[in-house]
Amino acid sequence: MTAGHDIGIGSFLAHGGGGVDPTTGAVVPGIPMATTFARDDAYALASDEHMYVRDHDDAVRRVEAVVCRLEGAAATRAFASGMAAITAIVRSVRPGGTIVLQSGIYWAATATLRRLCAHHGITLVEVDATDTALAVAVIAAERPSLVFVEALSNPMLGVVDIAALAEATHAVGGALAVDATVPTPLSLPALALGA
């Protein structure tokens, strides 16, 4: 496979994003073993592309590029866990803001949102988002900064109307976050639906 070669999504995934490493000729992406990288006498990085292995190395950038293509996104950010990603999203809401949360989702997500919102002075409103009319009415009334749902909720497998929730959320100036762990972007294009 050559760089820039247009391949199907199956081949793209099987090849980890495609391409051959131009330095080594490897057809499988390497996994860096270093956790930190060299700096010069002025403490400047030897390479601006390599600072810390967890979030600043070629393997992470490659994962982000693969997810970017799968999601149809302009950019992506990889996290060490789903809960870390959820926490980062919640932390984007300022104290005094409001979050509307789908009820009946992954318990750790609900517990984390409850705890973070209480600690940071954020109003948390939980709603059965599988009832689209109810969820849209709550969004219109509460005017949240963020609406957080799971597309195929865990464990109830509840289905939400992402396009309708996105339209309602955008109408009040908010953002819709969709945890699509169960369906993945291969079957659920959440961004294309307005998330």
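The structure displayed is predicted, hence computed values, not measured ones. Residues take their numbers from the sequence shown, with the count starting at 1.
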Using the side chain to side chain donor-acceptor pair (under 3.5 Å) rule, collect all pairs that involve residues 78-96, keeping only residues at least two apart or in two chains. none
According to a 4.5 Å side-chain heavy-atom criterion applied to Ile, Leu, Val, Met, Phe, Trp and Tyr, with indirect links allowed, do V67 and L186 form part of one hydrophobic cluster? no
Please give the remaining members of the hydrophobic cluster of L191, linking ILVMFWY side chains under 4.5 Å, ordered by chain and number. none
Hits for side chain to side chain contact (heavy atoms under 4.5 Å, CB included) against P183, two or more places apart or cross-chain, chain-then-number order -> A151, L152, A180, S187, L188
According to salt bridge (charged side-chain N to carboxylate O under 4.0 Å, His left out), does anything in residues 98-116 pair up with another residue at least two apart or in another chain? List the pairs. R114-E126
In one Ile/Leu/Val/Met/Phe/Trp/Tyr side-chain cluster, 4.5 Å: V182, L165: no
Testing T110, V160, V147, V127 one by one against Q102 for a side-chain contact (heavy atoms from CB on, under 4.5 Å), which residue passes? V160
Set of side chain to side chain donor-acceptor pair (under 3.5 Å) partners for S153, sequence neighbours left out: none
So the side chain to side chain donor-acceptor pair (under 3.5 Å) pairs with at least one residue in residues 127-148 (sequence neighbours excluded) are D128-T130
Nearest heavy-atom neighbours spanning V136 and A164: CG2-O, 4.2 Å
Looking at OG1 of T184 and CG of L70, how far apart are the two atoms once the value is rounded to the nearest 0.5 Å? 7.5 Å
How would you list, by chain and number, every residue that makes a salt bridge (Lys or Arg N to Asp or Glu O under 4.0 Å) with E167, sequence neighbours excluded? none
Co-members of the apolar cluster containing M83 [side chain, <4.5 Å]: I86, I89, V90, V93, I99, L101, I105, Y106, L113, L116, I122, L124, L146, F148
Residues in side chain to side chain donor-acceptor pair (under 3.5 Å) contact with N154, at least two apart in sequence or another chain: none
For H170 and G194, indicate whether the former's side chain and the latter's backbone hold a donor-acceptor pair under 3.5 Å. yes
Evaluate L157 against V159 for side chain to side chain contact (heavy atoms under 4.5 Å, CB included), listing each step before the verdict. CA-CA 6 Å; L157 299 179; V159 177; over 6 Å; no
If you compare all heavy atoms of V172 against all heavy atoms of A140, which two are closest, and at what distance to 0.1 Å? CG1-CA, 4.3 Å
Euclidean distance, E150 CD relative to S103 OG, rounded to 0.5 Å: 11.0 Å
T181: what forms a side chain to side chain donor-acceptor pair (under 3.5 Å) with it, not counting sequence neighbours? D179
Looking at M156 and G104, what are the two nearest heavy atoms and their distance? CG-O, 3.8 Å
Who else is in the cluster with Y43 when I, L, V, M, F, W and Y are joined by side-chain contacts under 4.5 Å? none
Which pairs pass salt bridge (charged side-chain N to carboxylate O under 4.0 Å, His left out) with one or both residues in residues 25-47, sequence neighbours excluded? none
Between CD1 of I162 and CG of L193, what distance do you get to the nearest 0.5 Å? 5.5 Å
Judged by atom type as modelled, is there a donor-acceptor pair below 3.5 Å linking the side chain of T76 to the main-chain atoms of E64? yes
